[in-house]
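Down below is the structure, laid out as structure tokens.
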Amino acid sequence: MPATNLTALKSAQRSLLLKPLDAAVFIAPWFTAAPADFTDSTGALQTLPAAYRPVGLIDKKTGVAFARGITAAPIEAYGELQPVRNDITSDITTIEFQPQQTTALTLELTTGANLAQVTADATSGEVFFPQPASEQITYYSAIIIGKDGNDANPIYVFKVLPKVAVSKYGGEQWTPTEVLAEKLTMVAFKDDTAGYAIAHGFGGSGWKALLAQTGIASA
């Protein structure tokens, strides 16, 4: 074998360090299909189906947090120091973000109310609605898009969650230094039509320039 050094062996490539400098969360009614392609042949980002509504600005400090919890059932054998078999019994993905804008969408997500049935007073503009008193789960479809680089040569990161539901509410805290907002945690479920609970993607002209370095085959 030819001589080498550790730097060459570890294939350090700083260009492959991706950092989402901006991100957006889009929510649609459950069963809303995600686009087959998010970018065109040039790498330009394409518009999403109209049913996918953006939540707008999100808290910068917490951003969009993805978590994956794995539960396994190891089998131990007498005299063995390590399990002799291990099976995954649960694989749960969650996303957490704090929308900052007050819109019909964010109010629906944080209260569980159906704002499609709510209208503002014609004279005063006042809006008033009760939070549902009974337990109910509303399922949505979600797309999260992150962007690295600049608009001239962007790298996009996509996450598609075809079936999600709010599983935790962070609560509101009214202070003069923070906007009126509530952190949300959503859990992903496998969608029978899509065939998965979460899918991952990358695109953009900046990504296209890096593709050969990633080791991912090109058609």
Side-chain angles (χ1 to χ4, degrees), residues 17-30 32 34-35 38-39 43-68 93-120 125-129 131 138-188 198-207:
L17 300 177
L18 303 186
K19 182 180 181 182
L21 301 175
D22 197 2
V25 177
F26 302 87
I27 303 293
W30 179 34
T32 303
F38 287 91
T39 58
L45 189 65
Q46 302 297 286
T47 56
L48 298 178
Y52 278 97
R53 295 180 290 169
V55 302
L57 294 171
I58 58 177
D59 180 64
K60 184 177 183 178
K61 296 187 294 293
T62 53
V64 184
F66 299 87
R68 183 180 181 187
T93 296
T94 60
I95 60 172
E96 185 180 84
F97 60 96
Q98 183 171 309
Q100 294 179 315
Q101 297 179 191
T102 300
T103 65
L105 174 59
T106 58
L107 289 173
E108 287 176 354
L109 292 173
T110 54
T111 66
N114 183 358
L115 270 291
Q117 301 175 359
V118 175
T119 57
E126 180 177 316
V127 175
F128 184 82
F129 58 93
Q131 184 167 302
T138 302
Y139 295 105
Y140 303 92
S141 296
I143 292 175
I144 300 91
I145 302 178
K147 189 196 80 171
D148 195 2
N150 53 41
D151 289 334
N153 204 31
I155 299 172
Y156 296 111
V157 184
F158 313 109
K159 304 283 188 186
V160 176
L161 298 88
K163 184 179 181 181
V164 296
V166 178
S167 60
K168 183 179 180 181
Y169 300 93
E172 294 180 4
Q173 182 175 359
W174 294 8
T175 71
T177 58
E178 297 291 339
V179 298
L180 182 64
E182 183 170 359
K183 185 180 292 185
L184 298 170
T185 301
M186 305 187 83
V187 62
I198 182 170
H200 314 269
F202 300 86
S205 56
W207 170 259

Pair R53-T103, side chain to side chain contact (heavy atoms under 4.5 Å, CB included): steps then yes or no: CA-CA 11 Å; R53 295 180 290 169; T103 65; over 6 Å; no
Please name the pair of heavy atoms, one in [X] and one in [Y], separated by the smallest distance, quoted to 0.1 Å.
{"X": "Y52", "Y": "A34", "answer": "OH-N, 4.0 Å"}
{"X": "I155", "Y": "G206", "answer": "CG1-C, 3.5 Å"}
{"X": "T106", "Y": "P99", "answer": "CG2-CB, 3.7 Å"}
{"X": "A188", "Y": "V164", "answer": "CA-CG1, 4.0 Å"}
{"X": "G125", "Y": "A120", "answer": "O-CB, 3.7 Å"}
{"X": "L115", "Y": "A104", "answer": "CG-O, 4.0 Å"}

With a 4.5 Å cut-off on side-chain heavy atoms, are [Y] and [X] touching?
{"X": "Y169", "Y": "L184", "value": "yes"}
{"X": "L109", "Y": "V55", "value": "yes"}
{"X": "S141", "Y": "P29", "value": "no"}

Chi angles and distances behind the side chain to side chain contact (heavy atoms under 4.5 Å, CB included) call for Q98, E182: CA-CA 6 Å; Q98 183 171 309; E182 183 170 359; 5.9 Å; no
How long is the span from the [atom1] atom in [X] to the [atom2] atom in [Y], to the nearest 0.5 Å?
{"X": "L45", "Y": "K147", "atom1": "CG", "atom2": "NZ", "answer": "10.0 Å"}
{"X": "L18", "Y": "F202", "atom1": "CG", "atom2": "CZ", "answer": "6.5 Å"}
{"X": "T32", "Y": "L48", "atom1": "OG1", "atom2": "CG", "answer": "11.0 Å"}
{"X": "Q101", "Y": "I58", "atom1": "CD", "atom2": "CD1", "answer": "10.5 Å"}
{"X": "E178", "Y": "L180", "atom1": "CD", "atom2": "CG", "answer": "11.0 Å"}

Verdict with reasoning, F97 to T62, per side chain to side chain contact (heavy atoms under 4.5 Å, CB included): CA-CA 7 Å; F97 60 96; T62 53; over 6 Å; no
Partners meeting ring-ring contact (aromatic ring centres under 6.0 Å, His included) with F38 (sequence neighbours left out):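 Testing F38 for ring-ring contact (aromatic ring centres under 6.0 Å, His included), a comparison that skips the adjacent residues, returns F158.
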Criterion side-chain contact (heavy atoms from CB on, under 4.5 Å) against I198, the qualifying member of I95, V160, L161, I144: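 The side-chain contact (heavy atoms from CB on, under 4.5 Å) with I198 is passed solely by L161 among I95, V160, L161, I144.
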Partner of F129 under side-chain contact (heavy atoms from CB on, under 4.5 Å), chosen from V118, N114, T119: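 Exactly one candidate clears the test, V118.
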Derivation and outcome, side chain to side chain contact (heavy atoms under 4.5 Å, CB included), residues R68 and T93: CA-CA 4 Å; R68 183 180 181 187; T93 296; 4.2 Å; yes
Within 6.0 angstrom of D151 CG, more than 12 heavy atoms from elsewhere: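 Counting neighbours around CG of D151, 12 or fewer heavy atoms of other residues, nucleotides or ligands fall under 6.0 Å, so no.
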With sequence neighbours excluded, residues passing side chain to side chain donor-acceptor pair (under 3.5 Å) with T111: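 Checked T111 against side chain to side chain donor-acceptor pair (under 3.5 Å); zero matches.
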